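Data block below; observations after.
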Amino acid sequence: MSYIQFLGAAGVVTGSKHLINTGDETGRRGIQVLVDCGLFQGQKEWRERNWQDLPVPAREIDAVILTHAHLDHSGWIPRLVQQGFKGPIYATPPTIDLCGILLPDSGHLQEEDAVFHNRFKTSKHDPALPLYTMAAAQQCLGLFQPVQFEETRTLSDELSFRFVHAAHILGSSMVEVVLSSGGNRSRLLFTGDIGRVRDSEISPGRVLHSGPTENEQCDFLVMESTYGNRQHPHDDPKPELAALIRATVQRGGSVVIPAFAVERTQKLLFMLKELMETDQIPRVPVHADSPMAIKAVQIFLKYSEEFSPETKALIEKYGSPLDWTNFYFDQTQEDSKKINESKYPSIIVSSSGMATGGRVLHHLTQRLPDPRNLVLFIGFQAPGTRGYDIKNGATEIKMFGQMVPVRAQVAALEQFSDHADTPELLEWLRTFREAPKQTYLVHGEPAASSALRDSIAQGLSWDVRVAAYKQKVPIA
Ligand SMILES: [Zn+2]
């Protein structure tokens, strides 16, 4: 009996890993495929799972199919490879390009973490080791194989798959897997992360050209539920963004925006440019402070055919952010340190987006204690992350082993979200040609997943459940 086993993103928003196994109890060896191979982030209890082995040996997994480049979907790949996985990793070309910068950067951050733990003896392990290194992450890039959207790839007699658009970030996809055995055919749809639906009015910050692919049909749906209990604001974020920046600059402060280097940062850079060109905010220096910043812009521009007409028009009008005066792409640590020496107001966009690591920690350490500054969140903050604590009113926060007081203004603009909210998710599900036999909700905090389960059960009368960690679901 084939089954799906949820090895991550069950009861939590990180660590996405779903195993498809077509073997059976008689010992017949089928094919084993992992859909996504993400890193657990946030609470220690979750992060410790990054160090645990999978229930099946990594060398026995035949392939990884990757929905998109975000680390909570891709960031465990180097670990899987270290443990003996040798198969192909299938992804869309933009996802492969993005993983090419994100995975080595993740390895770099893992190494920095280990150095920190060893210096301050904050780990029970001596010496503390990185989960994987930058070199290991670079090596596994050779296993990636490009698959275009809508192209069917056959991995065995039993299993084929194709990518369909998810409209979440550049290159993001859902994976439709077709299993055939003994004359039975089952279609499984793994949503990965689902972007905003096809309506630019209610998703003013969107970049990609279309919502998730409509009119889907499947027997088993494995669906994300990040915003299963929330509705995004519908208004244009630009006036509020402009007002926040103006007020901060007027009081002599700087704006720190923790943001993942890809997609949302580019969206924000174009918005800042537009606000400056229309004199809605002062022309203060803007720093995209990430070693990946330049490459991320290049990848973003390389795939501009994926974008919405609005984004295309902005690129046409303003060209490449790399050519804009007053916008700085800080590649090196030295560039990054120079920002801190500046006494004048500036806007600093730096990763990681949930303040779990990276250069943004230095900027926050320096600027959180000063009430003139503003810390602005534009992405989801998972519980257990510094970003979550700051956003939710913590008065002090631990950085580099020391408590830093939070006196800066803290604000959040949810309109930038790359995830559909509850009404949008339901709107998408209503386009299905028929109800899946079973729907499992993953990638959500327990409250969000169960609220979405109830909304789907009531609104569509579907058989829908919340997935549990390591739960096995038989596929007929
Ligand atoms: Zn994502």
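Hydrogens, waters and symmetry mates play no part in the numbers below; they use all other heavy atoms, side chains included. What you see is a predicted model, and the numbers here were worked out from it, not measured in a lab. Order of appearance sets the numbers: ligands from 1, and atoms from 1 within every ligand. Residue indices begin at 1 and follow the sequence shown.
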What N, O or S atom of H70 is found closest to the Zn ion (ligand 1)? ND1
I would like to know whether H443 and H73 meet side chain to side chain donor-acceptor pair (under 3.5 Å); could you show each step before the answer? CA-CA 10 Å; H443 202 290; H73 293 258; 3.3 Å; yes
Vertex the Zn ion (ligand 1), arms to H68 NE2 and H168 NE2, rounded to 10°: 100°
Is the shortest side-chain N to carboxylate O distance from R187 to E176 below 4.0 Å? yes
Do you know which N/O/S atom name in D193 is closest to the Zn ion (ligand 1)? OD2
With under 30° as parallel and over 60° as perpendicular, where do the rings of Y318 and W324 fit, or are they tilted in between? perpendicular
Check whether any side-chain N or O of K17 sits under 3.5 Å from a backbone N or O of G38 as a donor-acceptor pair, and report yes or no. yes
